[in-house]
Amino acid sequence: MDVAGTRGKLAHEAAALDEADALYGKRAAFALDEDTVYLDGNSLGALPVAVSARLAEVVGHEWGRLRIRAWDEAGWWASPERIGDRVGRLVGAAPGQVVVGDSTSVNVFKAVVAAVRMARERSADRDEILVDAATFPTDGYIAESAARLTGCRIRAVAAGAMTGEMGERTAVALVNHVDYRTGRLHDLPGVTASAHAAGALVVWDLCHSAGALPVGLDAHGVDFAVGCTYKYLNGGPGSPAYLYVRREHQPRFDSPLPGWNSHSEPFAMSPAYTPADGATRGRVGTPEVLSLLALDTALDVWDDVDLTAVRAKSLALTDFFLRCVEEYVPRGRVESVTPAAHAERGSQVGLRCPGAGAVMGELIRRGVVGDFRPPDVLRFGFTPLYTGFADVERAAGILAGVLGTPLL
Ligand SMILES: *Cc1c(COP(=O)(O)O)cnc(C)c1O
């Protein structure tokens with residue numbers, strides 16, 4: 001079959017897949033343009049339309065009229081824990097273990113230092129922090145500083161090799177659940193179990209998995225987890241991140257940032273610090289109320305969504321994209337860096353391509369928004385709540401057009 005025939009066939013198949021997609025209706029809950037295929041929801045999720053009116057109400061009524069009373073009457077004060085429970089449902093955490101606030105970077109700091117302190121209680125000579133060798137850079141920078149502060153050393157280990165590298169000196173392993181560049185999904189149950197077998201603790205960074213696939217924090221015995229809310233959870237630019245502290249660890253969670261919001265009686269204004277119980281210990285200072293409440297409304301979209309259905313659609317979308325690319329793009333122009341095996345794939349596809357920066361610029365000009373990660377990766381994120389199969393087919397067709405252009 002010629003390319004035009006293949007395109008017709010795949011476009012037809014895409015239409016049928018969209019027709020049969022139980023999540024297709026969710027797309028209407030998001031602000032999207034008809035003429036653009038948005039494949040960058042793994043960097044900044046699209047706006048859930050209900051957020052605008054809710055924010056106007058929060059600003060106009062709660063801030064504008066209730067003013068200071070809103071901390072109690074509008075529930076502002078307790079919102080980090082309340083919204084934490086909503087995030088918790090999406091990452092397999094029972095209520096009372098997730099608190100929302102601060103950035104992922106800050107939560108990495110809290111979790112890593114607290115984990116080292118806990119590991120040291122068990123055995124004073126644990127002095128090694130293992131860090132995912134391909135980690136998103138901020139985790140590595142923060143872990144490096146946490147190591148200096150706690151007298152540990154850092155060892156970079158490929159996430160796939162972590163299980164064999166934990167020993168009696170290991171205090172904590174800090175691992176990205178999904179690699180931000182390649183989209184590789186790491187073995188959360190396996191790495192967690194091997195950390196525990198070695199007497200170590202594990203901190204998972206869920207930035208690229210929460211909202212894209214089931215995580216199962218409680219089920220797999222994870223100690224600590226962090227993640228952002230502006231990617232697959234669509235909380236908006238700079239929406240606060242979250243921290244999961246497993247319930248059994250909470251009494252010993254010794255935060256390196258014990259701000260007044262984590263005090264058992266914050267309004268007693270006591271000079272002595274007494275930590276609150278539960279997930280509240282993960283709080284630091286005054287919560288980011290406007291962005292927290294934008295996130296709260298963004299999470300409404302998930303209320304009736306089953307993460308297994310999201311995962312199934314995500315894999316179907318990435319499979320379909322890889323197939324369309326294979327059929328349309330001239331051979332040898334791109335090479336997938338994303339694992340073919342479902343068990344090792346997150347919800348994005350990375351394509352290595354010479355001149356990737358310029359290629360992405362042209363794709364965006366033609367209405368396909370992905371992003372570029374140095375040195376040579378075109379990155380496409382697939383958000384099952386609002387990406388359809390016809391979008392995927394169209395994106396691959398436009399990519400083929402760009403790569404067929406001799407100029408690039
Ligand atoms: C996006 C992302 C972050 C972002 O960190 P912030 O402090 O929230 O800016 C951290 N880690 C990973 C793995 C990410 O993908």
Side-chain angles (χ1 to χ4, degrees), residues 39-46 80 83-84 87 90-91 98-113 129-146 156-160 162 172-188 191 202-213 215 217 222 224-244 256-257 282 284-285 287-288 291-292 294-295 298 314 337-338 345-350 370-374 377 379-383:
L39 300 179
D40 217 358
N42 56 337
S43 201
L44 179 66
I83 300 168
V87 172
L90 302 175
V91 291
V98 178
V99 69
V100 178
D102 308 313
S103 62
T104 308
S105 305
V106 171
N107 284 303
V108 166
F109 181 74
K110 297 176 208 169
V112 170
V113 174
I129 300 174
L130 300 187
V131 177
D132 180 340
T135 187
F136 188 92
T138 201
D139 302 52
Y141 307 154
I142 299 280
E144 172 71 41
S145 174
V157 174
M162 283 270 176
V172 53
L174 171 63
V175 199
N176 291 185
H177 194 196
V178 172
D179 185 288
Y180 76 100
R181 199 185 280 122
T182 62
R184 180 179 290 274
L185 172 65
H186 296 127
D187 177 11
L188 180 142
V191 173
V202 66
V203 178
W204 285 96
D205 183 331
L206 309 178
C207 281
H208 283 276
S209 56
L213 49 103
V215 177
L217 292 178
V222 168
F224 301 102
V226 301
C228 63
T229 60
Y230 49 78
K231 292 171 184 166
Y232 293 94
L233 299 180
N234 315 304
S239 60
Y242 56 91
L243 170 68
Y244 165 86
L257 295 172
V284 183
E288 309 85 337
S291 22
L292 260 171
L295 169 64
S314 156
V337 298
T338 300
R345 193 193 302 164
S347 199
Q348 68 179 56
V349 171
D371 57 28
F372 159 63
R373 287 292 175 267
V377 174
R379 204 176 66 142
F380 302 97
F382 297 86
T383 47

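First listed ligand is number 1; within each ligand, the first listed atom is number 1.
When non-hydrogen atoms are compared, ligand 1 lies under 4.0 Å from the backbone of Ser105 as well as from its side chain.
Considering Tyr180, Phe109, Tyr230, Trp204 only, the shortest heavy-atom separation from atom 9 (O) of ligand 1 involves Tyr230. The residue from Thr104, Val226, Asp205 that puts a heavy atom closest to atom 11 (N) of ligand 1 is Asp205.
Counting atoms of ligand 1 from 1 in the listed order, those under 4.0 Å from a heavy atom of Cys207 are 2 (C), 3 (C), 10 (C), 11 (N), 12 (C), 13 (C), 14 (C), 15 (O). Annotation for ligand 1: atoms under 4.0 Å from non-hydrogen atoms of Asp139 are 10 (C), 11 (N). Taking a cut-off of under 4.0 Å to the non-hydrogen atoms of Lys231, the atoms of ligand 1 that pass are 1 (C), 2 (C), 3 (C), 14 (C), 15 (O). In summary, the atoms of ligand 1 found under 4.0 Å from a heavy atom of His208, numbered by their order in the structure, are 15 (O).
Remark: Asn107 CG to Ile142 CD1 distance equals 10.0 Å, nearest 0.5 Å. Between Arg373 atom CZ and Arg379 atom CZ the span is 4.0 Å, to the nearest 0.5 Å.
Remark: Lys110 is not positioned above the aromatic ring of Tyr244, lacking an NZ or CZ atom under 6.0 angstrom from the ring centre and at most 45 degrees off the axis.
Side chains of Ser105 and Thr138: a donor on one and an acceptor on the other come within 3.5 Å.
Between His208 and Tyr232, the ring planes are perpendicular. Angles over 60° get that label, and only those under 30° would be called parallel.
At least one donor-acceptor pair closer than 3.5 Å links the side chain of Asp179 to the backbone N or O of Arg181.
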